[in-house]
Amino acid sequence: MQDKYPKSYAPGQVEKKWFDLWQRNQIYVASADSPKPGYSILMPPPNITGILHFGHVLNITIQDIYIRWKRMQGYEVCWFPGTDHAGIATQTRVEKELAKEGLTRYALGREKFLERVWKWKEEYGGIILRQLRELGISCDWSRTLFTMDESASNAVREVFIRLFDEGLIYRGKRIINWSPLSRTALSDEEVEFREVKEYLYTLRYYFVDSEDYLLVATVRPETIFGDVAVAVNPNDDRYKHFIGKQVHVPLANRPVPVIADDYADPTFGTGCVKITPAHDPNDFEVGQRHNLPIINSINPDGTLNEYAGEFCGLERFEARKKIVERLVERNLIEKIEDYVHNVGFSQRGGEPVEPYLSDQWFVRMKPLAEIALKPVLDGRIKFYPKHWEKTYQHWLENVRDWCISRQLWWGHRIPVYYAPDGRYTAARNEEEALAKLGLAKDVPLEQDPDVLDTWFSSWLWPLTTMRWLHDGVTEDTPDLRKFLPTDLLVTAPDIIFFWVARMIMATMKFKNQIPFKDVYFTSTIRDGLGRKLSKSLGNSPDPLMIIEKYGADATRFTMTYLSPLGQDVRMEIDVKTQDIPSMEIGRNFANKIWNAARFLLMKRDMVELPECCPSNQEKQLQVGELSYADRWILSRLHSTILKVNRNLENYRINDYAKLLYDFVWRDFCDWYVEILKVELKDTNEVSFNQALMRFALDIFDNILRLIHPVMPFISEEIWHLISRKPEFESISLQPFPMYIKDFIDEEIEWNFEIFQLVVEEIRKLRNEIGIDVNKRIDLILNTQNQELFSMLVQNKDALSFLVRANEVKILDKSVENVRAISSVVREVEIHLLITSDIDISKERERVSKEIERLRNNIDSILSKLNNTAFLGKAKPEVIEKEKAKLESMNETLSKLEKLFARLSEL
RNA sequence: GGUGGCUUAGCUCAGUUGGUCCAGAGCGUUCGCCUCACACGCGAAAGGUCACUGGUUCGAGUCCAGUAGCCACCACCA
């Protein structure tokens, strides 16, 4: 029998077995025609270049919890998976591979290069999804979508054309964020600011017609070759009279005018600013105001161009060093000071972004922001935690136009065609473009070489996953009707602007519907030092290794257990071994569940329970009289069911996990299973034992179903062992436990708590006076409280077992002159009979301490009850409670005092 | 600079609308146990002026204001 159910739970094979079976039986494929109400979640599509990290683990686990919970609640559930083509990341990746072969994308040409990328995608692009599977997720793989699939691409193209025709997409020459590494424009969101220590150089700009000079401060001396003016504030008396004069740009020796503009802050630096329109957004605006020329002195790859003279070809930071050297040489630097300021870095490439003037495509955001703000403000879309709504609102109200063109090859090509006369339009193909432009059929057109920002396809995710415009035409599909709006989006807060806001914009704009009802922002995972997990810090263990070591269930459970809504998660990470010790929480819990099951199964086999599966509780209740403990665990179960549902509804997933943990470990294992041992031993009647086991297994079956959303594998495994169902069936298709109010018995729960306190007090006494664990004790318990007396009598055998007692006497009147160590708990006197001498002074100390504690409590209650303000203003039930408490405490106190008096007599 | 969050036991954190017998858990520490499901376990113990100041209230860890420290996001002047 020992071999039939292994002693400790081994997740590896179990998890693999069930995942394969779930796949083979296709139990997670959703039907848009189902009569059941729909419930849907869009999986945030991971990048095809991505590898699984703990952010995914948490995110995916939460989604699977909701998907499984709702499925068990009887919804037609659909979880849409997919992957993102990740323009820059993927292109960079493949270019690196080419570099190893001594090739570049330019050498290969656009078409050949894209072939390579597709090949790479076919080979490696699915890895991340396969890794996700290891977690046991139950998404509908038949609906997997890639953002560059034809159906999605069709929708992207249509959306571009529509927005273009409406004037919401436009082309313009602007200062954008340029990534010299990837040689492409970036959106504002792709730039992150970091504080850096640099130098502030104060340069001398000599007047053309005198020996005098202006002092101009800059952190970027390499941009002087793009200078077209020096600005001073019109109200700055120091410089007023220089306005209109000419100064020489240092080294360049080019004369530029001194102009007046409010942009120059007299209180900052010297009060003079060099104006470099091509390399600074503010300067660009100043330049526009004053009709200044624009000199672009930096190449797309970040090197200086011919305007820089002798510095031409140098990389911008290298150039800075050389230029400063030369400036010092020529005595053109007044001073160099330490300077700390914020610099924008490319989120992906990590290099400082270059403000760069170029022609790009933009989406006009104002009108879209307005329609996206509404559903969040009026509560149709709810954020969890709520405070993100404010961040969202602030962003939308201050949003700037979105630069969507990327100078890449991998991505959705911009569907814009240019005519030889310089005009252009957005169209599905050349033919249509010619027609739109009113040109003859043989006029050659050129398509825009750029591609779209990756997020320009991601923002359509709620629509493209449901095949909206999959052929460029079809507006309505069964999936859209059934599953839009989706019910929940689970995502990290750092893509609230990138993705969440834009999906709301797009779905509102094109479908006039919200994309999702609830948005859950996941916790950021940090290591023991509070740092984000990252590969470079070495504090980001491979989840697959962790899953292999602890099991997917354990990993899922631990992550859930540790993730409070709206709070960061901290996990100790052993950098050396790449281990996460806190995963033991889940592993130990899984093992505990396994062993509880093992115990029940062994007992079931012992009593030869014939049925294959437990029936429902209502039937059980009629079968036979339930014991006190039975009624208690049933009541606790239903309290737990109620709270589980409430916690899941409110996205309090860590509370959900904790609740299960405590219920299973504390209530079920520590108390119920222990008492069950006594009850089974109590009688030789087979039918009684069978009924009892049927009941216990039924409780456990409920536990398995409660736990299934977070621990799908172990619950499936044990459920099959208990139910003996064929393998094609699944616990994930069973109903989630229903809360039945009639099973809640507050009186039982209350009294049982006292029972627990009594047991604990007796164990404490045993421990304190050092009674050998194997020695059985004799006890006398007495109480005048009839209810408690009856409870104790009913639980006498259980109590005796739990405290390892020999003989237990339960009386409803007080006892005199017993040779015992005594204590009082909630009106129950406990006398542990002993044969040896009592250490009276120790006993007196113990009892008097207890008396003092109780008196303090009584005093505080009395002061409340003597306070007329309290009596006048507190709720009646609160007052009643205080009175009852006082009464009970007084009762306990008088017993203690008697006890103490007796000790004094000895 | 703006906004939001956090500050409870040695560590990591719970504490849902203010009131349930001294504010809870896990880890760690100490003591005792291989008690016939589980040592990934069982029983027990020690450990907290709930950051600080003030206010509201009959009553505050819980609500409000201020102070300090930490964190995140947004903005950003050479």
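Values reported hereafter were calculated over all heavy atoms of this structure, with side chains retained and with hydrogens, waters and symmetry mates removed. So that the names make sense, note that chain A is the first sequence line, chain B the second, and so on, each numbered from 1.
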Would you say [N] has OP1 or OP2 under 4.0 Å from some side-chain N or O of [X]?
X: A:N867; N: B:C58; result: no
X: A:W395; N: B:G4; result: no
X: A:R652; N: B:G15; result: yes
X: A:R531; N: B:A72; result: no
X: A:R587; N: B:C40; result: no

Counting only side-chain heavy atoms from C-beta out, which of [options] sits nearest to [X]?
X: A:N342; options: B:C73, B:C58, B:A75; answer: B:A75
X: A:R763; options: B:G43, B:G41, B:G19; answer: B:G43
X: A:W750; options: B:U20, B:G26, B:C58; answer: B:U20
X: A:Y561; options: B:G26, B:C73, B:A37; answer: B:G26
X: A:V773; options: B:C33, B:A44, B:A25; answer: B:C33
X: A:R826; options: B:C21, B:C77, B:C58; answer: B:C21
X: A:K532; options: B:C73, B:A25, B:C58; answer: B:C73
X: A:K592; options: B:C38, B:A25, B:C77; answer: B:C38
X: A:N767; options: B:G43, B:C38, B:C58; answer: B:G43
X: A:K658; options: B:C13, B:G19, B:C42; answer: B:C13

Write down the distance separating the P atoms in B:A44 and B:A25, rounded off to the nearest Å. 11 Å

In whole Å, measure the gap between the P atoms of B:C21 and B:G4 for me. 37 Å

Side-chain donor or acceptor of [X] under 3.5 Å from a matching atom on the base of [N]?
X: A:E674; N: B:A37; answer: yes
X: A:S888; N: B:C21; answer: yes
X: A:K7; N: B:C38; answer: no
X: A:K677; N: B:A37; answer: yes
X: A:N591; N: B:C38; answer: no

Base, sugar-phosphate alone, or nothing: which one does [X] contact when heavy atoms must sit under 4.0 Å apart?
X: A:D670; answer: sugar-phosphate
X: A:A231; answer: nothing
X: A:C669; answer: base

Provide the Watson-Crick or G-U wobble partner of B:G66, both distances under 3.5 Å; none if there is no partner.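 Result: B:C52.
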
Given that A:P281 and A:P564 both sit by RNA chain B, which one's nearest nucleotide is further toward the 5' end? A:P564

Of A:K390 and A:R400, whose closest RNA chain B nucleotide lies nearer the 5' terminus?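 Going by which nucleotide is closer to the 5' end, it is A:K390.
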
I'd like to know whether CD of A:E746 has more than 12 heavy-atom contacts from other residues, nucleotides or ligands below 6.0 angstrom. no

Angle class for the [X]/[Y] ring planes (parallel below 30°, perpendicular above 60°, tilted otherwise)?
X: A:W671; Y: A:F752; answer: perpendicular
X: A:F521; Y: A:W388; answer: tilted
X: A:F589; Y: A:Y661; answer: tilted

Ionic contact status for A:E882 with A:K885, cut-off 4.0 Å: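 Result for this pair is yes, salt bridge flagged.
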
Show your working on salt bridge (Lys or Arg N to Asp or Glu O under 4.0 Å) between A:D527 and A:R531 and close with a plain yes or no. CA-CA 5 Å; A:D527 67 8; A:R531 303 174 305 181; 2.9 Å; yes

